[in-house]
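One structure is given below, encoded as structure tokens.
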Amino acid sequence: SKTVDVRELKTTEAKSTMENGRILVFVRLRPVAKKEREAGSRCCVRIVNKRDVYLTEFANENDYLRLKRLCGRHFTFDASFPDSTTQQEVYSKTTAGLVEAVLQGRNGSVFCYGATGAGKTYTMLGTTDNPGVMVLAIKDLFSKIQQSSFDENHTVHLSYLEVYNETVRDLLSPGRPLVLREDKQGIVAAGLTQYRACSADEVMALLQQGNLNRTTEPTRANETSSRSHAILQVVTIPNFCNNLISSASYKYPLLCKVQVVVKYQVKGASGNVVNRVGKLSLIDLAGSERAIATDQRTLRSLEGANINRSLLALSSCINALVEGKKHIPYRNSKLTQLLKDSLGGACNTVMIANISPSSLSFGETQNTLHWADRAKEIRTKACDVNEETQIPDSETDQAKLLLELQKENR
Ligand code: ADP
Ligand code: MG
């Protein structure tokens with residue numbers, strides 16, 4: 001398959017790449033953590049030409065040619081981001097094109113994949129000073145709507161859900177678990193609330209409210225990894241509102257999905273009013289290492305491992321999609337049902353694989369790069385504009401309806 005160097009693409013070119021129905025796969029390397037340095041770990045990842053990733057167990061930090069010879073593990077992605085890459089750069093190269101497509105009535109989704117501590121939440125949510133993809137996308141979405149000539153016309157609706165232990169929960173109005181249903185739009189969580197938001201501030205406030213409802217669960221991985229995971233991290237997102245967003249107020253739900261739905265109307269060719277709907281899904285997945293036991297003994301082999309059904313189901317779906325199978329086993333888990341649109345639907349999809357540079361995470365990094373490499377082969381369906389012609393209500397119809405309502409309320 002042809003790999004396109006995103007660096008060289010202008011916006012319009014980037015869009016056409018998306019429209020050819022392939023998942024765009026990016027890798028982001030995070031900086032070495034203090035803890036890793038103190039533990040004497042070496043750097044085992046090298047990014048070259050903003051695209052190629054070399055992985056070795058015997059890394060000499062400054063000699064990538066040697067790495068190339070030594071390891072033979074070399075991957076190429078749409079773009080690979082070295083540890084110095086800014087949040088804005090990650091956003092512009094991965095997600096800005098999706099936001100534009102959503103405003104035209106298409107579907108887009110972005111998800112982060114990688115082990116716990118690899119930088120998924122940093123990439124999606126970010127911090128006060130360095131807001132992530134989710135925040136930048138929402139800001140960009142509203143600023144584009146305000147700039148556009150049909151400003152008045154757009155409405156933005158937001159939903160926020162999580163999957164935890166095969167249970168789907170509405171984070172914006174917690175209550176009974178949601179049931180997944182298949183309708184003509186695809187898989188939907190029945191009864192999921194969609195809040196209308198009129199500004200980026202309002203979205204941020206809703207996100208913050210949702211984050212407080214996320215599930216927390218202590219795990220072994222948590223105990224053995226960075227202490228900061230146990231601490232409630234609270235950050236403020238400036239320029240939006242004074243509300244607080246907690247970036248780590250939860251532990252390991254399987255998936256948190258923010259969906260932004262943009263609806264607007266245009267005049268169709270025949271003069272009819274046409275409704276357009278674009279959906280943007282922003283997904284923060286649980287650490288991929290949960291697919292296998294967090295126990296060191298079993299870390300490198302699947303045997304005897306405590307297998308997480310959903311992440312295993314995700315691997316099976318990716319495999320089936322890559323192999324072009326007719327039957328894709330989405331039904332095996334809630335996670336894959338909810339990702340169905342993003343993986344095999346009519347959607348522009350971006351996957352950001354997060355990795356740590358440390359040799360301590362070698363196995364996890366190798367695993368993440370392996371799946372990211374597979375995901376490059378997934379073809380999605382042509383992503384058409386979602387539109388529906390509205391039959392204009394005649395004035396007499398409206399008058400009739402009003403009368404009926406008045407009768408009912410008497
Ligand atoms: P995950 O969500 O994958 O478990 P986090 O996003 O919580 O991982 O990242 C783990 C730690 O590393 C956090 O303290 C985070 O702030 C830091 N971190 C991750 N990526 C970066 C980055 N690109 N630049 C700076 N710090 C980062
Ligand atoms: Mg996280």
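Read the numbers this way: they start at 1 and go in the same order the structure lists the ligands and their atoms. When a residue number appears, it is its place in the shown sequence, counting from 1.
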N, O or S atom of T121 closer to the Mg ion (ligand 2) than 2.8 Å: yes
Partner set under ring-ring contact (aromatic ring centres under 6.0 Å, His included) for Y91, not counting sequence neighbours: none
Run the numbers for me: atoms of ligand 1, each under 4.0 Å from some heavy atom of P31, listed by number. 21 (C), 22 (C), 23 (N), 24 (N), 25 (C)
Could you establish whether T116 and ligand 1 come within less than 4.0 Å of each other, counting only heavy atoms on the residue side? yes
Who gets closest to atom 1 (P) of ligand 1 by heavy atom: A33, G117, G114, S84? G117
Going by atom types alone, do T123 and N354 pair a side-chain donor with an acceptor below 3.5 Å? yes
Between Q87 and G126, what is the shortest heavy-atom contact and its length? NE2-CA, 3.6 Å
Would you indicate whether the side-chain heavy atoms of S109 and T349 approach each other to under 4.5 Å? yes
Under 4.0 Å, counting heavy atoms only: does R28 come that close to any atom of ligand 1? yes
So is K120 polar-close to ligand 1, meaning N/O to N/O under 3.5 Å? yes
Here the atoms of ligand 1 under 4.0 Å from any heavy atom belonging to R30 are 12 (O), 19 (C), 20 (N), 21 (C)
Short list, please: which atoms of ligand 1 are under 4.0 Å from a heavy atom of A115? 3 (O)
Is it the case that ligand 1 has an N or O less than 3.5 angstrom from some N or O of T123? no
Compute whether any side-chain donor of one residue and acceptor of the other, for S358 and S361, lie under 3.5 angstrom apart. no
Residue that, paired with F77, satisfies side-chain contact (heavy atoms from CB on, under 4.5 Å) out of V25, D52, L24: V25
Between E182 and R331, is there a side-chain N and carboxylate O pair less than 4.0 Å apart? yes
